[in-house]
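Some notes on the structure that comes next.
Both backbone and side-chain heavy atoms feed into the values below; hydrogens, waters and symmetry mates do not.
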Amino acid sequence: MVVRNSEIADIFYELADFLEIEAANQFRVRAYRTAARNIESLPQNVAEMVDKGEDLTGLPGIGKDLAAKLAEIVKSGRLPQLEDIKQRLPAGLIDLLRIGEVGPRRVKMLHQNLGITGIEDLEKAAREQQVRKLPGFGPKAEEKILEQINRVRGMSPGEKRLRLPAVEQIAQSLVEVLVEISGVKRIDLAGSYRRKQETVGDLDILVACENPSEVMDRFVSYGGAIQVLERGATRSSIMLRSGFHVDVRVVPDESFGAALLYFTGSKAHSIALRKMGMKSNLKINEYGVFSGGDRVAGATEQEVYAQVGLPYIEPELRENRGEIEAALRDGLPHLITLEDIRGDLHIHTSATEGRATLKEMAVAARERGYQYIAVTDHSRRLAMTRGLNEDRLSEQIKEIDELNQTFSDFLVLKGIEVDVYEDGSLDLSPQILEKLDLVVCSIHHKFDLPGEKQTQRIIRALRHPYFIVLAHPTGRIIGEREPYEVDMEAIIRAARENGCALELNSQTDRLDLADIYCKMAKEMGVKIAISSDAHSLSELDLMRYGITQARRGWLEKPDVLNARSLEEIMEIFRQNRPASSPARTSGP
DNA sequence: GCCGTTTTCGGCCCGACTGTTTTCAGTCG
């Protein structure tokens, strides 16, 4: 497992960019991008499939030619075609595409006429007012290019996309402004925000209103905007101080459903729906569904789906990853909701790095309607968090027993988030672990082991008799740290063999497991624990981000460990233990 | 470059906004 799917996808994306600059057939370019997108969201490892000699042409968007290229990439780590094209075109041209206002056509023009090879050249040419002389460019374009260069420069890689809580705040203050406008009938947030992607590149707001001009006026004069990027009759776009873009689109009430569907995307989902429509001679656009000249649907999303013979599909599923096929065979999942959650299986207290006491956390969890929480402070190796050694853990166990005496309808489970060493052994002895209800294991050091070693480290830990949940299984920090190089399929298989569950960590910089692995675990019969990993009272509410991620991973109530009642979950934990080990916490 | 219940060839989603085009190309989503 040397080449990752994401690396293969990047090669195809890069090739597509170059081909587009060379003005290659647009459908060929599209084929590479479609293939890249599909490979990215593929749970199986392409490299592994190649090694096993599996037929890649069965994958969506992969034909004979791309299958051969995939094999080539897996075997050599390179794609000769990409290297050839890099001989002809400077690599810096790709960077130019990141600049707004500049697309492939203009990159070609800039390269051929001004010899521009990268952002530095472009900045120089624009300052010397050379760019405005080219056909299709003018002073405005030149000015915008300079602005864009500054924006791209000032941006750290993590800044480009925001995590969900940040977008929520932005959305809230904008909606407060727009909802005041007379004639506004509906406002909805669309785009990747509505699909609850891990990060959001820009925010799409959809408004149903009879007088679009007032909405446009109010929106472009919003106090948080530092620049108006576009100002049209029904669509406008602003940039906030952070560099984040917000688009507003106004449509008539009778088109709202079609527009919401269209602006929610994903692009691949929308395209698939339109193609289905075409087969029935229906044209689908953001104004509705049209048969001949007649509009036959559009007020609601349900109406539009119904026209192509589909039930309503939840936004989190709209990635064209099999949801349309599932809908056609009446096999859509009944997605998990926050209301299904009965408890939280990963929280910290002030005994280690948490900011609230054991009792405070328990009371807050009970107030949220939970039946149980598991206290899972860090183990001793994590010294900077004052990780618990066996003595301190024993004290905590006593404290939990005492606290549980005070509840009649709620139970605190005894747990630990124990560190997994490089050799796969655990940071605490079996003698103390057996006194716990729940052992959550995680990796906090040696993130960069080679894939095979990291995978074996985790598999060895999964075989430990007291291991129950693997916390933040891939260790990624979104925008900051890549996931470990692990073979997730092998880990999920080992989890199944050993009766273990995987965690979906709800911290918004983790959201680990990723959606595609949630789906893979579900399909392989491995349960998921959706956990807050709360370090404070308010962080208990992060659970809802775990839920939306779980929904993106097609998870249903039966797939989720902590959607079980206290009795059920205690029974599962009991079954998972060696027969000789004593009973522990008793129910209320 | 992919794909196929009209097709192995000839299609491939659709529209808004901007700037510089005087009728539309390029970009974006």
* Look only at the side chain of A/Arg186 and the backbone of A/Val207, and say whether a donor-acceptor pair between them is shorter than 3.5 Å. => no
* Asked: Whole-Å distance between B/dA16 P and A/Met216 CE?
  -> 13 Å
* To do: Measure from CG on A/Asp202 to C1' on B/dC28 and round the result to the nearest Å.
  => 10 Å
* If you measure from the P atom in B/dC12 to the same atom in B/dT6, how many Å do you get, rounded? -> 16 Å
* Have a look at A/Arg105 and say if it touches a base, only the backbone sugar-phosphate, or nothing, with a 4.0 Å heavy-atom cut-off. => sugar-phosphate
* Which part of the nucleic acid, if any, lies within contact of A/Pro135, taking any heavy atom under 4.0 Å across all strands shown: a base, the sugar-phosphate backbone alone, or nothing? -> nothing
* Think A/Lys275 has a side-chain N or O under 4.0 angstrom from the OP1 or OP2 of B/dC3? -> no
* If pairing requires Watson-Crick or G-U wobble contacts with both distances under 3.5 Å, which nucleotide is the partner of B/dT8? -> none
* **Of residues 283-290 of chain A, the positions that come close to DNA chain B - non-hydrogen atoms, cut-off under 4.0 Å** => A/Lys283, A/Ile284, A/Asn285, A/Glu286, A/Tyr287
* Asked: So, are A/Glu22 and A/Lys108 salt-bridged, with charged N and O less than 4.0 Å apart?
  -> no
* Structure fact -> In numerical order, the residues of residues 9-32 of chain A whose heavy atoms come under 4.0 Å of DNA chain B are A/Asn25, A/Phe27, A/Arg28, A/Arg30, A/Ala31, A/Tyr32
* Over how many whole Å does the gap from A/Asp247 atom CG to B/dC28 atom P extend? -> 12 Å
* How is A/Ala35 classified with respect to the nucleic acid when contacts are heavy atoms under 4.0 Å: base, sugar-phosphate, or nothing? -> nothing
* Asked: Quick one: side chain to side chain contact (heavy atoms under 4.5 Å, CB included) partners of A/Arg544, sequence neighbours excluded?
  -> A/Glu168, A/Leu338
* Structure fact -> In whole angstroms, the gap separating P of B/dC13 from CZ of A/Arg37 amounts to 11 Å
* To do: Could you verify whether a donor N or O on one side chain and an acceptor N or O on the other, from A/Tyr222 and A/Ser173, lie under 3.5 Å apart?
  => yes
* Given B/dC17, is OP1 or OP2 found less than 4.0 Å from the side-chain N or O atoms of A/Thr234? -> yes
* **Gap in Å between the two C1' atoms, one belonging to B/dC28 and one to B/dT22, rounded** => 24 Å
* Asked: By a strict heavy-atom criterion of less than 4.0 Å, which residues belonging to residues 253-274 of chain A are in contact with DNA chain B?
  -> A/Tyr262, A/Lys267, A/Ile271, A/Arg274
* Listed by chain and number, what are the side chain to side chain contact (heavy atoms under 4.5 Å, CB included) partners of A/Ile271, not counting sequence neighbours? -> A/Lys267, A/Lys275
* Structure fact -> Its contact letters, B for base, S for sugar-phosphate only and - for none at protein heavy atoms under 4.0 Å, make nucleotides 5-10 of chain B read ------
* A/Gly103 or A/Leu229: which one's nearest nucleotide on DNA chain B is closer to the 5' end? -> A/Leu229
* Looking for any heavy atom pair under 4.0 Å, which part of the strands does A/Lys108 touch: base, sugar-phosphate only, or nothing? -> nothing
